[in-house]
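Below, chains carry the letters A, B, ... as their sequence lines are ordered, and counting in each starts from 1.
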Number of protein chains: 2
Amino acid sequence: MMIVPTLRQLEYFVAVIDHGAFHSAAKACGVSQPGLSAQLQELERQLGVVLVERARPKVLPTEAGAALLERARALLLGAQDLTEAARTHARPFTGPLRLGVIPTVAPYLLPSAVPALRNAHPDLRLFIHEDETDRLLEQLERGHMDLLLLSLDAQLGDVARLAVFDDAFQLAVPTDHCLARRKWVRESEIAGEALLLLEDGHCLRDQVLDLCHATGASESTDFRASSLGTLVQMVAGGEGITLLPSMSIEIEGRHANLATIPFRRPAPARTIGLAWRKTSPRGAEFEALAPLFRPPKRQPR
Amino acid sequence: MMIVPTLRQLEYFVAVIDHGAFHSAAKACGVSQPGLSAQLQELERQLGVVLVERARPKVLPTEAGAALLERARALLLGAQDLTEAARTHARPFTGPLRLGVIPTVAPYLLPSAVPALRNAHPDLRLFIHEDETDRLLEQLERGHMDLLLLSLDAQLGDVARLAVFDDAFQLAVPTDHCLARRKWVRESEIAGEALLLLEDGHCLRDQVLDLCHATGASESTDFRASSLGTLVQMVAGGEGITLLPSMSIEIEGRHANLATIPFRRPAPARTIGLAWRKTSPRGAEFEALAPLFRPPKRQPR
DNA sequence: AACGATCATCATCAGAGGTTATGGAATCAA
DNA sequence: TTGATTCCATAACCTCTGATGATGATCGTT
């Protein structure tokens, strides 16, 4: 069996489509434009099909090119996985670990988790990327991320996942709110309230919104916060109430005019966990890393 | 992203494992032994892992090698599929078509189907391989077969499939059997009978055996035929009775001392159909070919 | 001990794949 | 229209990969 395309040719092909231009694709691949051009031509010659239409503002895949693009991507990803499988086998817990974390988890969990990771596995080169669930998942599928730390309550699609811990919600109200002095509240007690929520794209927003529908609460209109920090500022300013994940309270809850009240059990919660591509060669590693992402033990009072 | 292994290196690696020796693997790949040896060393150097243990009588994969072997196979298969996708896109219904057919179908359907195929698509280069279901499926998964023509009643696993037609069973008895003059029989009437069956491995055997259990018939011990032809000889010789698929009767049924009796509807039947790898780029082609595998119309009497 | 089989090494060479410089076509601004 | 600009293809040249055949080293067998 003679192998027809080379991985290098496929890499160039994918790069050209992704960049929409030869010269920038060439730069991204670390080669000169003529070099890339020649390889792509050779690929097209060998396959007997024109893959990219050299249109003016932007090169576009032909029909055939579009049909082969995903196969090419899958092959390149498979090659990457193979090398990673080799390294993992030779020396586990080494090499790059591209970790994606959602914005409503990163600032609260990473300060403890990152040192723990570095300490337990000093040869792991950690790259952290913070983004919303959907974009993280796309990056994961494309092989630009290795591991995600996020809420497993969101729609994750066909990925391997492992729950790490549950993160209960608490009610956050201004100190002059009628519930501010309560030791706990029932879920049903937020019925009729209008909650301040995060802006679109945050999985936390979607989950709390679902909770609103289930309990008879609603979303406070006119304003959506871009972070939990902003949200807390607004609650403390008397603009409304909201739900905060417990992990955020130690940091976000230190605010005059803000009271946080736990829910009575069973409290509504999100499940924080890890996700990775099912075909990732490092699944076993990731499972072993999971405990390091648990929140640090609070001092018993 | 620098691509670490080349497809050629992976091809050599897989060949060495499959052949158990460098020199024969090299011959199979069409290169000299030192060439292959060097590439494999380079692969091992780049991956930082020894992949094959140069044991004396036979080289064996190391633990790491075994772990990477399936990934390597998948990549090579993916590359093959990609080229095929390109050719299919450029000129559908051309190139090699490696068709696997089970032994209880091949002699009855191929005499009409093969000319029909050649006629409809003269640029299709047909390679036909006859074998039992399990082995065909393995060849299919490995990429050594493109398309299978078989009974969809067997366990096929995770493959794409398309039913082409139903092939009803008929009862075959010696002419001196009490049922020999009947125009039809009921399924329940074979209860208590002992049927002659094919030897192990034929899906037809398994299916008829299931039918026996369902109807209260049993298998005639002491003898298992290696083909339907043999089976018919034994029935005609008065050794017992059996079930024959309708498609075989025009050929196998021409025998003195043999009577074939249809079952009353709904007659027990097998479903003949096509199967291919889900990732095959030629699925659409195969679906278009399906009608050519229908049995030829019988002349109405 | 000698032999045969098998994989590694060596010296060598063709060509695949890269580079820079340049050409030509399309786009855009004036 | 014209000139400037952008972008891909081509050309000439170079480097080093990946092949070859011959030979060496090692191990199991006779």
Side-chain angles (χ1 to χ4, degrees), chain A residues 1-62 64-65 69 72 75-76 79 83, chain B residues 1-62 64-65 69 72 75-76 79 83:
Chain A
M1 171 193 52
M2 214 56 225
I3 300 200
V4 185
T6 67
L7 287 177
R8 178 172 297 156
Q9 288 167 347
L10 297 180
E11 180 192 6
Y12 293 174
F13 165 50
V14 170
V16 164
I17 301 297
D18 283 350
H19 287 81
F22 280 50
H23 60 285
S24 75
K27 193 158 51 173
C29 295
V31 294
S32 67
Q33 173 264 317
L36 180 140
S37 215
Q39 287 296 317
L40 186 54
Q41 278 182 71
E42 177 61 16
L43 178 64
E44 290 179 324
R45 195 192 63 74
Q46 285 175 336
L47 294 180
V49 189
V50 176
L51 295 175
V52 305
E53 184 187 347
R54 277 74 163 172
R56 246 313 132 119
K58 203 166 158 50
V59 303
L60 291 172
T62 62
L69 186 59
L75 279 184
L76 293 170
T83 20
Chain B
M1 171 193 53
M2 214 57 227
I3 300 200
V4 184
T6 68
L7 287 176
R8 178 173 302 161
Q9 288 167 347
L10 297 180
E11 181 193 6
Y12 293 174
F13 166 49
V14 170
V16 164
I17 300 298
D18 283 349
H19 287 82
F22 280 50
H23 62 285
S24 74
K27 194 158 51 174
C29 294
V31 294
S32 66
Q33 174 263 318
L36 180 140
S37 215
Q39 287 295 317
L40 187 53
Q41 278 182 70
E42 178 61 15
L43 178 63
E44 290 179 324
R45 195 192 64 73
Q46 286 175 335
L47 294 180
V49 189
V50 176
L51 296 174
V52 306
E53 184 186 346
R54 277 73 164 175
R56 252 311 135 118
K58 202 167 158 52
V59 302
L60 290 172
T62 62
L69 187 59
L75 278 183
L76 293 169
T83 24

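- Taking only side-chain nitrogens and oxygens, A:Tyr12 never comes nearer than 4.0 Å to OP1 or OP2 of D:dC8.
- Note on B:Gln39: only backbone sugar-phosphate atoms sit closer than 4.0 angstrom, heavy atoms only; bases stay farther off.
- Counting to the nearest Å, the C1' atom of D:dC8 and the CG atom of A:Leu60 are 15 Å from each other.
- The base of C:dA8 sits within donor-acceptor range of the side chain of B:Gln33, with an N or O pair under 3.5 Å.
- With contacts defined as side-chain heavy-atom distances shorter than 4.5 Å, the pair A:His19/A:Val59 does not qualify.
- Across all strands, A:Ala21 comes closer than 4.0 Å only to sugar-phosphate atoms, never to a base (heavy-atom distances).
- For A:His23, the side-chain atoms get nearest to D:dC8 when compared with the rest of C:dC7, C:dG17, D:dC8.
- The distance between atom CD of A:Glu11 and atom C1' of C:dG17, rounded to the nearest whole Å, is 13 Å.
- Ion pair B:Glu11/B:Arg8 not flagged as a salt bridge, since none of the NZ, NE, NH1 or NH2 atoms sits closer than 4.0 Å to an Asp/Glu carboxylate oxygen.
- Of the candidates C:dA8, D:dG18, D:dA9, D:dG18 carries the atom nearest the B:Thr6 side chain, counting heavy atoms from C-beta on.
- Residues B:Leu43 and B:Leu10 have side chains in contact (heavy-atom distance under 4.5 Å, counting atoms from C-beta outward).
- Distances were taken from every side-chain heavy atom of A:Gln41 (C-beta onward) to each of C:dT9, C:dC7, D:dA9; the shortest belongs to D:dA9.
- Two residues are said to be in side-chain contact when any heavy atoms from C-beta on lie closer than 4.5 Å; B:Gln9 and B:Gln46 meet this criterion.
- The nearest whole Å value for the distance from the CG atom in B:Leu40 to the C1' atom in C:dC7 is 11 Å.
- Comparing atom distances between the A:Ser32 side chain and each of C:dT20, D:dA19, D:dC8 picks out C:dT20 as nearest.
- As rounded to whole Å, 16 Å separates atom C1' of C:dA16 from atom CG of A:Leu7.
- In this structure a side-chain-to-backbone donor-acceptor pair under 3.5 Å is missing from A:Gln33 to A:Ala26.
- The side chain of B:Ser37 has C:dC7 as its nearest neighbour among D:dA9, C:dC7, C:dG17.
- Each of B:Pro34 and B:Ala38 lies near DNA chain D, and the nucleotide nearest B:Ala38 is the one positioned closer to the 5' end.
- The separation between A:Glu53 atom CD and D:dC8 atom C1' is 14 Å, rounded to whole Å.
- Between A:Leu36 atom CG and C:dA16 atom P there is a gap of 18 Å when expressed in whole angstrom units.
- One finds a side-chain N or O of A:Arg54 lying less than 4.0 angstrom from the OP1 or OP2 phosphate oxygen of D:dA9.
- We find that NZ of B:Lys27 is positioned 18 Å from P of D:dA19, with the value rounded to whole Å.
- Atoms CZ (B:Arg8) and P (D:dT17) sit 13 Å apart, rounded to a whole Å.
- Here the side chain of B:Val31 is nearest to one of C:dT19, C:dT9, D:dA19, namely D:dA19.
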